[in-house]
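Below: the structure, in structure tokens.
For ligands, and for the atoms within them, numbers begin at 1 and follow the listed sequence. Worth saying up front: this structure is predicted, and the values here are computed from it rather than measured.
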Amino acid sequence: MPQPPPPLASPLWRSLRAYQIFGANTEVGKTVFSTLLCKAAAARTTGRGVAFLKPVSTGPDSEADDRWTTQADMYAPLRLPVVLVGDSRLGGISQTISAFESLRMRGYDVESVVLFKEDKYQNFDYLSEYFAEHHDVPVAGVIEPPERKSSLEDDVRAMAKYYEEQSQAKNTGDVISHLDKRHEQRIASLDSMASQALEKIWYPFTQHSLLTPKDINVIDSAHGDYFQTLAPSSSSSSSQNDSLLRASFDGSASWWTQGLGHANPRLTLAAAYAAGRYGHVMFASGIHRPALELSSTLLKGMNSPRLDRVFFSDNGSTGIEVALKMGLGAAKLRYGWAKEEKLGIVGLKGSYHGDTIGAMDCSEPSGYNEKVEWYDGKGHWFDYPTVLCIGGKWRVNVPEELRQALGEDADFGSLSEIFNVQGREQKGHHIRYEAFIRESLERLVKQGRRFGSVIIEPVVLGAGGMALVDPLFQRALVNVVRKSPDLFRKPGAAVEETSSDPNAWTGLPIIFDEVFTGLYRLGRFTSSSFLNTYADISVHAKLLTGGLVPLCTTLASENIFQSFSSQDKTDALLHGHSYTAHPVGCQVALESLNDLQKMDQDGSWDWAKSQGWKSSEASLTSGQSSTNVWSTWPRDLVEDLSRQTDRVSGIWALGSVLAIHIKDASGSTGYFSNAAQDLRDTLIAGDSEGANGSWNVHCRVLGNVLYLMAGQKTTEESIAQISSELRKGLQA
Ligand SMILES: CC(N)[C@H](N)CCCCCC(=O)O
């Protein structure tokens with residue numbers, strides 16, 4: 001089978017300069033200007049060649065090379081500096097400005113506009129002023145070529161004379177000088193960025209004293225799943241002939257946000273449209289189409305009888321704070337707790353719901369919060385069984401301390417079998433879980449603990465170390481809490497009336513933090529579906545906007561919503577960010593969700609599902625399709641790597657996430673372990689043998705866990721290439 005080409009590096013060399021000529025229209029003189037610029041450049045580069053390439057033909061079917069993508073989109077990953085040939089004819093001003101804007105919106109640097117100077121429409125005069133004033137881009141005018149002669153010979157002679165004269169004209173020379181200057185500036189800027197960053201930036205989740213310039217990922221641009229980063233060899237003396245940039249797979253999906261590809265033109269256009277139509281508009285007591293349509297799309301996609309209302313905020317952390325206010329507020333009201341009777345949350349060990357202090361307080365004490373002055377963990381965090389592939393077997397691992405209550409580790413034939421929660425319930429697997437949870441809660445309540453909400457990340461605990469939780473345990477937790485209002489009401493308080501609303505919360509409001517796990521990250525619209533249950537409050541961000549802009553939504557049931565309704569203004573949910581429901585985010589989210597849902601429906605992920613995940617297991621008797629639990633990462637990759645038991649303690653893959661738990665010789669795990677660092681360094685060093693330069697995999701680790709997160713548009717070829725790097729990296 002022919003090998004797919006390695007990921008594409010944007011071409012940028014110290015000596016060789018490459019430019020792209022775009023025309024604002026047909027017949028504007030692309031060939032003439034290309035010839036003039038090549039001749040002018042050749043005159044300056046004694047002994048070195050100047051080459052010109054017309055990569056594709058357009059036009060009618062019989063002449064066109066490609067009809068499926070615009071050329072502006074097709075070449076975008078190369079991000080060559082652009083010379084735009086403007087249109088000097090009637091209508092040419094708007095043609096030229098539109099072309100410029102379309103290129104700029106796609107991330108091109110239009111360095112120079114060139115066009116014919118002619119007297120009738122005088123577009124040159126207008127455009128020179130326009131581009132100088134609005135974009136600081138120089139416009140060069142060149143006299144028009146001579147009229148076509150009747151004889152070919154005369155015509156060739158006249159054009160040769162024209163090219164000779166105009167390539168030496170000052171205006172043409174100025175274009176080349178300007179391009180040279182901009183080239184030098186671009187490289188100088190890339191060269192100095194890392195050291196400047198060390199002086200000016202305060203990085204997130206980074207110990208600066210350990211940081212050197214070489215640790216800083218200098219990103220020139222990004223496209224699809226790849227950053228274009230400054231290659232380590234770029235500063236060496238041999239670099240005159242090496243591309244300064246290399247493709248770097250964005251292995252953390254830019255901190256779990258990326259789904260539809262960097263610089264996705266549809267999302268960019270959606271953002272530009274909303275910015276152009278609204279900018280940002282105040283949302284309290286207002287409404288705009290993008291927010292309303294997004295709310296309907298989200299609620300419909302969640303398909304939950306318990307979710308009716310959408311509250312907008314900025315990012316996952318703030319969306320969680322909103323959810324906590326909703327859940328704790330509703331519980332306090334229902335059970336009649338006084339203001340000073342503080343309520344805690346029920347959660348899971350290692351959970352992490354955001355970096356703001358309220359969100360931190362619902363995580364157990366850990367390295368993340370131990371030095372945060374105001375941190376005050378408020379809750380109980382259950383330990384739980386996790387799922388890992390170990391030595392080729394899919395296993396539910398029960399922590400040592402829980403074995404007496406929950407039983408021993410159990411092996412399953414596949415991940416799908418573990419996720420068949422209804423099938424496992426029919427076999428009674430949940431009974432010990434439920435008993436353990438009920439007994440633990442009873443004990444805590446007897447000790448005087450009070451709870452106001454359950455908050456969990458369905459299935460995967462992200463920042464807590466990419467732990468894949470046994471979904472049956474989380475389902476048991478939800479079910480026990482819902483069946484146990486007796487544990488949560490204020491002692492001595494009258495038993496509350498049963499609500500006529502079948503979807504009213506019972507026990508405690510259940511909050512699902514789907515910020516990382518939802519919206520197809522794990523292969524499904526909502527990760528709650530893995531638990532086969534519905535939340536009362538559900539938080540969504542990250543993939544919500546396909547990876548372009550921050551936005552968060554907290555969805556709630558009508559019943560929760562009504563808890564805040566009274567004649568007293570202070571009973572309302574007094575919360576609202578300045579950029580609440582910003583139209584740009586809403587429009588981008590709408591576009592993202594539509595695209596993701598379309599991909600789900602049209603079988604875009606069939607290639608991934610058929611990589612070993614689509615099997616017909618006899619155990620799947622409850623109408624649950626085995627293909628519902630699948631990953632972008634091939635099953636044989638996961639199972640093969642899991643057999644490297646000398647280095648790997650376990651591995652799992654679900655949706656676009658692959659998590660490798662590396663053994664730590666010192667026995668320590670968690671964020672402060674360094675066990676996964678070697679593998680990360682190997683992947684970052686990259687494949688130096690790529691045909692058009694080296695490429696690498698940029699990723700982050702969570703202590704002893706190295707995870708890779710593909711996008712929802714990542715191709716089978718990319719996954720195969722990265723899988724091969726991973727196999728090599730683990731053997732190294
Ligand atoms: C990205 C995100 N949701 C959280 N704010 C940070 C999670 C911890 C990541 C730590 C790291 O990458 O070093």
### Ring-face cation of R521 near F516 (centre distance under 6.0 Å, axis angle within 45°)
no
### Query
Where is the nearest protein heavy atom to atom 6 (C) of ligand 1: which residue, which atom, and how far?
F205 CE1, 3.4 Å
### Query
Are any of the N/O atoms in Y671 less than 3.5 Å from those in ligand 1?
yes
### Summary
Across all chains, not counting sequence neighbours, the ring pair (Phe, Tyr, Trp, His ring centres under 6.0 Å) partners of F283 are H288, F312
### Neighbour count >12 (heavy atoms, 6.0 Å) for atom OH, Y579
no
### Task
Test S527 against E514 for side-chain hydrogen bond (donor to acceptor under 3.5 Å, both in side chains), laying out the working first.
CA-CA 7 Å; S527 54; E514 294 205 27; 3.3 Å; yes
#### Entry: Check: D355 N/O within less than 3.5 Å of ligand 1 N/O
yes
#### Entry: Student check: side-chain heavy atoms of W633 and I719 closer than 4.5 Å
yes
### Query
Between Y368 and ligand 1, does any nitrogen or oxygen pair lie at a separation below 3.5 Å?
no
### Short N or O distance, Y707 and ligand 1, threshold 3.5 Å exclusive
no
What pairs of donor and acceptor atoms, side-chain ones from residues 648-655 against any protein atom, are under 3.5 angstrom apart with sequence neighbours left out?
from	atom 1	to	atom 2	distance (Å)
S649	OG	H661	O	3.1
W652	NE1	M466	O	2.9

### Query
Closest non-hydrogen protein atom to atom 7 (C) of ligand 1, residue and atom name please, with distance?
A463 CB, 3.6 Å
### Query
Considering only protein heavy atoms, which is closest to atom 9 (C) of ligand 1, and at what distance to one decimal place?
W255 NE1, 3.8 Å
### Message
Starting from atom 2 (C) of ligand 1, what is the nearest protein heavy atom, named by residue and atom, and what distance separates them?
### Response
K542 NZ, 3.7 Å
### Message
I'd like to check which ligand 1 atoms, numbered from 1 as shown, lie under 4.0 Å from a non-hydrogen atom of R700.
### Response
11 (C), 12 (O), 13 (O)
#### Entry: Cation-aromatic face contact R309/F561, 6.0 Å, 45 degrees
yes
